[in-house]
Amino acid sequence: MAQPTIVEFDLDRYLRNSKKVDLSGIDWSSIPDRALSDGDVMCLHYMMDIETHTVIYLRDLLATRVAADPQITAFLSCWVYEELWHGEAFSDFLRAYGIEVPAEPKLPDGSTAMPTRPNRWRDLRVRMGVGNGLGLLPTMLGSIATRDFAAIHMMWGAVNELTTLTGYHALIRRSNHPELHKLLRKVIRDERRHFAFYRAQARARMERSRTARRLVRWALNRLWTPVGAGVKTEEEVDALAIYLFGDGPEGREQMREIDRTIAAVPGLEGMTLLEDYLDRALDRAATRPGWAGVAPPRLIPAASNGHSHVPEPTHWAQLGAVRDD
Ligand SMILES: [Fe+2]
Ligand SMILES: [Fe+2]
């Protein structure tokens, strides 16, 4: 007789409270006043691209048997909406700073139509086509029970969300821009809820099923790549990892913390995915001169971008109430 799957996450509360990230406290007009390093700007582009790519990841996820689970699809419906607004938040931040590459269409008043950056997203999606390394799994594992199979995607999602929010914490540590810090802290609050859902789903499936534990361990060991791999080149992924986590003991400790959290899930004891990846990235940078742009930081002043006046974004203006979860 099948045991019920008990998931320790208040989905009802999450669904009722889901909304776009509240950025009403950001002082948009002051963003160009503080300089960002090349590395900070690289991270912001990377984060913007990955957040905006979530809908393609969702397409791949819904092509699997995960789509049969009403709890998961309800979560995904709100999750993808929240991720869209994360992408728009980074897009607006970069524009307020004065960076718009490639050039994008503007409305007559100089503001930007929604969704922003259509040229960039179109190019990215045409270039890469599919979402992640899990695309072949449905056919490879055709006979596995749906809920065991879903454990792979849920744990994969948990690792992605945890890596993402830890990356945002690392960018707060590396950068020195008060408005960027505010923005990242607000986005991190959403990512924490996303991580909590995925981990609870994965844990529930893995606690009750030895098959699920084995499957997930196998998939992470054999197929896992850092969030953004596939959308970004190997060198870009390495550059982000080294910039955010390879700068000293604090970054390495953040990687280890991710690994410890993953290893606390039943079946994943002893795994060190993130720290192993960081070591490989550092090895590549050590053996290939110039790889991943490992060099002293250089500041890009906002004034160098040629934009004298960037209108403040308006789509965060109506947000007032702070969500209570
Ligand atoms: Fe996000
Ligand atoms: Fe997220």
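First listed ligand is number 1; within each ligand, the first listed atom is number 1. Being a predicted model, the structure only gives us computed values, none of them experimental. We number each residue from 1, following the sequence as shown.
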With rounding to 10 degrees, E83 OE2, the Fe ion (ligand 2) and E161 OE1 define an angle of 130°
Return the name of the atom in H86, of element N, O or S, nearest to the Fe ion (ligand 1). ND1
Do R199 and M155 have side chains that get closer than 4.5 Å, going by heavy atoms? no
N, O or S from H194 under 2.8 Å to the Fe ion (ligand 2): yes
Side chains of D40 and H177 only: does a donor on one sit below 3.5 Å from an acceptor on the other? no
I want to know whether Y46 and F90 have ring centres closer than 6.0 Å. no
Verify the distance test for E51 against the Fe ion (ligand 1): any N/O/S atom under 2.8 Å, yes or no. yes
Please work out whether the ring planes of W79 and F75 are parallel, tilted or perpendicular, with thresholds of 30° and 60°. parallel
The single option from R214, R208, R65, R213 passing salt bridge (charged side-chain N to carboxylate O under 4.0 Å, His left out) against D148: R208
Would you say E82 reaches the Fe ion (ligand 2) with an N/O/S atom under 2.8 Å? no
Considering only N, O or S atoms of E191, the one closest to the Fe ion (ligand 1): OE2
